[in-house]
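Right, one structure below, let's go through it.
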Amino acid sequence: MTDVLGHPATDLDAGTEATRWRLGEGFLLRVAGRPAGATTALRTDDAVAWTRRVFDREAERDAAGRRLREELEKAIVELDGGDRNRVALINLRRDVFNARRPRPATLTKADPLLPPGRAALLAEWTRAMTSLDDVLAEGTGILDADIAAARARARAVLADDALRCAVLLQSEVLERSMDRYLDPGRRLDKSGRQIERTLLELLYRAALKTSPFSTLTSVGLGRFTAGSMRPAPQPTSLRQRSTVRLNVAVLARLSAVILADPELRSEISVALAPGASTDGEITRYVRRRTTAGAAPDAVVALDDVHEDLFFLPSGPALNDVVTIAGQTRLTLRELSERVATADDRSAEAADRLVGHLLRLGFLLAPDLQIDLRSADPAAAFATALAAQVHPTVRRVAAILTEAGQVIARYGTTPARGRAALLTEVRRLVREAFDLVGAPDRLVPHTLLYEDTTITGDGMATDRGVWEREALPSLATLADILPAFDLSLPRRLTALGFFRARYGSGGRCDDVERFCHEFQRDFFSPYGQRSMRRRAFDEGNNHVPQENWFKLPEIAALDRAREAASLHLRGVRPEDGTAEEIRLGPEFAAAVRAHLSPVRRFDQSWSFFVQLASATGRPGDGRLVLNQAYSGMTLMFSRFAHSLDEGGAGARRLLAGTLRRHTPPGAVLAELRGGYETTNLNIHPCVTDYEIVCPGDISTRPHEEQIPLDDIVMVHDEQADRVRLMSKRLGREVIPLYLGFLLPMALPEVQQVLLCFAPGGMAQIDLWAGTGEPVPAEGITMYPRLVLGDLVLQRRMWKLDTKAFPFRDPRHTDAEHLLRVHRWRREHSLPDRVFAQIDASGRADTLAEDSEATQPDSDRKTVRKPLPVDFDSWMSLQLLEQLALGASSRLVLTECSPDVDELWLHDEHERAHVGEFLIELYDTPRGQHG
């Protein structure tokens with residue numbers, strides 16, 4: 001087999017284009033919560049060694065059989081064609097060819113025809129057959145004993161307190177069932193086996209993946225510093241520090257129920273929706289609508305949030321509401337009374353009017369909005385409720401405060417004590433919902449979010465080492481990422497729409513109307529069509545993107561993407577034998593050559609990479625790319641409150657980074673994201689300003705707020721960009737969204753604003769459009785793709801589920817194990833892989849980093865990659881369960897870095913899987929778009 005094709009890594013260096021990229025000031029290190037060695041306890045080594053002995057004996061049998069067949073063929077030729085004994089030799093040769101024992105009659109007739117030399121070969125083959133049968137007979141006993149021993153070791157590993165903490169937040173029912181499984185005296189029934197599979201899947205994830213959730217994965221903040229002499233971070237401890245918060249969906253739903261009750265809301269202060277205005281006979285505002293998630297039993301159910309430009313017929317009553325509410329902050333009761341007395345209206349009519357306007361979102365209740373920038377949004381919400389007049393509302397505040405006191409103890413409580421605390425939190429939350437008359441179905445399934453962090457001590461890393469060893473490859477990739485950026489065509493199209501509507505150099509003073517018309521007339525159908533588009537058709541021809549405004553930049557992106565495919569198509573071997581293809585400077589140049597028209601849309605990038613180097617030095621190994629997202633500190637946000645013992649250092653680092661990379665004459669202003677029902681938007685303020693969108697009530701000082709009606713849109717003809725300009729500040733406003741939802745999941749107004757902001761998400765699928773490599777028995781192997789010292793795509797295998805070695809009910813466990821390992825050897829699969837159901841071309845998740853959400857937080861069910869160890873019988877059972885649930889192909893990906901390439905160790909010298917989040921910034925400023 002050809003191992004490597006292409007260029008040596010040294011061919012790729014930091015050319016003039018690549019040198020414009022610089023590492024960010026800090027990095028995030030994600031650390032698997034359990035040592036990688038925890039999974040070795042699950043291995044059935046004796047049984048796997050038995051399969052190797054079987055294969056060795058089979059090889060001996062086959063070698064002896066080949067020698068015997070050759071001699072038998074000679075003997076058959078030597079006999080006269082009419083000799084009746086010739087048939088016995090033919091039958092014997094057929095039996096040897098089929099590796100089956102001959103019938104006694106065949107041997108009786110053949111023996112006299114075999115001279116001593118040939119008879120010795122028959123005896124040798126017979127001994128090999130007997131030896132193989134003897135080894136095969138040992139299989140069941142060896143495997144049964146191995147499974148029993150591995151299960152005992154698994155119970156010891158699964159009894160770990162840290163793992164139990166994660167199990168509890170994943171499923172309280174599962175946590176209650178753990179002791180039954182962990183008891184070795186209990187018989188393992190069908191339910192016990194299901195519990196075992198679920199627990200083992202969590203253990204594999206905790207040991208071999210970096211997916212922040214509770215104690216399964218921790219994060220730590222590091223810094224690139226000059227002269228630290230440390231090529232990789234060496235944290236002094238991987239001990240986990242816990243930050244636990246109440247799910248803000250609890251608060252948002254309580255708020256909605258309170259505001260829907262005429263009695264409870266009567267003494268709550270209200271304000272006009274930001275941007276509400278009256279024009280003649282029409283009053284206009286942007287209405288934000290929130291509906292509870294459709295799957296309340298999901299581990300995390302995201303509520304739906306939508307925004308629409310809404311029009312109300314003006315009249316004396318509505319005009320009075322606008323005038324009175326715009327003058328001073330009033331309670332709903334006071335506003336109703338003033339509206340009633342303003343024109344001698346009945347109290348009932350005024351109450352109905354203001355209640356209707358509250359339901360429509362024309363009136364907002366600032367005190368009941370959730371402060372997602374607070375380190376403890378639940379405590380801030382409880383304080384706001386405690387200041388209200390109604391005794392029921394104040395009682396809800398007291399209950400939330402009590403729940404907060406319980407939650408404060410949760411993070412430092414041992415695993416077995418946490419279940420009681422969680423039960424108490426659930427009781428208090430249900431009591432609060434009962435008090436306000438909310439149905440029990442509105443209580444979220446997930447009540448607590450937990451993040452764990454590690455110390456920042458020992459995390460400083462030598463900037464010079466990373467700039468020399470890692471930056472050239474990352475910078476080269478950053479140069480060509482626009483060709484794979486899913487969001488860049490949307491940004492370009494928004495520019496084209498603006499020019500078509502307002503002309504070159506045009507201006508729009510009504511941002512709300514622009515967002516509404518763009519979303520309604522163009523953006524929504526465009527987005528739906530683009531999501532369905534496949535970049536290449538069945539004939540591997542590139543399918544151009546819809547280019548409604550005939551923009552040269554979009555045509556350039558199409559050419560660049562096609563160039564990448566054509567280059568790879570040209571270097572891939574036809575026989576599909578290469579394990580690795582190295583892409584040299586010609587590849588980068590071929591793609592980059594088409595990107596000059598979109599150069600002004602460059603942006604910072606965040607890379608999730610793993611270092612495959614036992615020494616921890618980038619130059620001694622490779623970086624392996626997992627994902628590329630927007631930069632600008634986006635991926636740091638969720639954990640900023642928890643890092644650095646309270647997050648002050650993290651906030652300073654992120655805020656300082658943003659200030660240093662703000663283009664001259666501009667300000668960065670954050671968008672809140674519109675979702676107050678998910679913890680994925682919680683993070684501290686790190687920008688100097690905030691854009692106050694419809695439906696938002698900002699808690700920041702007035703001078704830091706930029707209302708949407710303060711912004712005008714201006715087309716800069718020289719730069720050919722649409723700039724958002726603040727009338728009050730006289731400066732360009734660059735929107736940033738720093739939450740963890742995909743921009744396409746945000747409310748409509750914020751989606752549109754982000755079309756004029758730096759942001760991206762790259763989907764690097766280089767194999768698309770290259771044609772399928774040569775399949776082998778239903779399995780297609782794709783070589784590893786390497787750019788310099790950066791692995792762009794791991795070696796992988798795609799297989800139709802028909803090619804998977806499912807369990808044959810006629811086979812014993814040992815026979816099935818033998819079949820699986822024979823299948824693995826035939827296809828040269830490594831000992832460890834990651835398995836996933838093929839979801840090519842789908843963009844199903846709402847989360848920016850789906851691994852950074854709680855388990856199963858995707859809107860649709862897209863299972864995360866499953867670590868698979870072929871040396872473990874129990875791991876193979878998990879793989880088969882995954883394959884049984886697949887409706888299409890499975891994708892197997894090599895485990896890289898493998899366990900012998902791990903560089904991160906805890907204080908007990910146990911190796912852990914680690915993943916870096918590294919940002920690259922484009923050094924020329926003022927080119928964001």
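Hydrogens, waters and symmetry mates are skipped; everything else that's a heavy atom, side chains included, is used. What you see is a predicted model, and the numbers here were worked out from it, not measured in a lab.
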For the residue pair [X] and [Y], establish whether any side-chain heavy-atom pair is separated by less than 4.5 Å.
| X | Y | result |
| --- | --- | --- |
| Glu553 | Thr493 | no |
| Phe608 | Ile918 | no |
| Leu904 | Pro235 | yes |
| Phe549 | Leu492 | no |
| Gln751 | Pro743 | no |
| Thr657 | Leu654 | no |
| Leu724 | Leu753 | yes |
| Lys209 | Thr217 | no |

Are the side chain of [X] and the backbone of [Y] linked by a donor-acceptor contact shorter than 3.5 Å?
| X | Y | value |
| --- | --- | --- |
| Gln750 | Gly673 | yes |
| Asp558 | Gln545 | yes |
| Arg889 | Asp838 | no |
| Ser637 | Leu738 | yes |
| Ser726 | Ile711 | no |
| Asp898 | Asp900 | no |
| Glu915 | Val609 | no |
| Arg723 | Phe756 | no |
| Ser630 | Gly760 | yes |
| Arg223 | Thr461 | no |

(request) Could you check Thr893, Leu625, Asp765, Val624 and say which one makes a side chain to side chain contact (heavy atoms under 4.5 Å, CB included) with Gln793? (result) Asp765

For [X] versus [Y], what's the shortest heavy-atom pair and its separation?
| X | Y | result |
| --- | --- | --- |
| Pro897 | Leu902 | CG-CD2, 4.2 Å |
| Leu208 | Pro867 | CD1-CB, 3.7 Å |
| Leu623 | Ala470 | CD1-CB, 3.6 Å |
| Ala588 | Ile480 | O-CG2, 3.8 Å |
| Gly616 | Leu611 | O-CD2, 3.5 Å |
| Ser565 | Ala768 | OG-O, 3.4 Å |

Donor-acceptor side-chain pairing of [X] and [Y] below 3.5 angstrom:
| X | Y | result |
| --- | --- | --- |
| Glu919 | Ser604 | no |
| Arg794 | Asn626 | yes |
| Thr615 | Asp620 | yes |
| Asp922 | His661 | no |
| Glu670 | His683 | yes |

Could you tell me if the ring centre of [X] sits under 6.0 Å from that of [Y]?
| X | Y | answer |
| --- | --- | --- |
| Phe514 | Phe498 | yes |
| Phe916 | Trp466 | yes |
| Trp605 | Tyr629 | no |
| Phe224 | Phe27 | yes |
| Phe522 | Trp548 | yes |

State plainly whether the residues [X] and [Y] are in salt-bridge range, i.e. N to O under 4.0 Å.
| X | Y | answer |
| --- | --- | --- |
| Glu690 | Arg672 | yes |
| Glu546 | Arg490 | no |
| Asp462 | Arg230 | no |
| Arg721 | Glu732 | yes |
| Arg784 | Glu580 | yes |

Interatomic spacing from [atom1] in [X] to [atom2] in [Y] - rounded to 0.5 Å:
| X | Y | atom1 | atom2 | result |
| --- | --- | --- | --- | --- |
| Leu643 | Leu653 | CG | CG | 10.0 Å |
| Leu892 | Met796 | CG | CE | 10.5 Å |
| Arg660 | Arg22 | CZ | CZ | 14.5 Å |
| Arg569 | Trp767 | CZ | CH2 | 12.0 Å |
| Leu557 | Arg559 | CG | CZ | 9.0 Å |
| Thr662 | Leu668 | OG1 | CG | 3.5 Å |

(message) Test side-chain contact (heavy atoms from CB on, under 4.5 Å) on His567 and Leu766; report intermediate values, then the result.
(response) CA-CA 10 Å; His567 184 91; Leu766 291 174; over 6 Å; no

(message) Arg622 vs Asp789, test: salt bridge (charged side-chain N to carboxylate O under 4.0 Å, His left out). Steps then yes/no.
(response) CA-CA 5 Å; Arg622 283 176 168 173; Asp789 285 322; 5.3 Å; no

(message) Test side-chain contact (heavy atoms from CB on, under 4.5 Å) on Val686 and Leu736; report intermediate values, then the result.
(response) CA-CA 11 Å; Val686 291; Leu736 288 183; over 6 Å; no

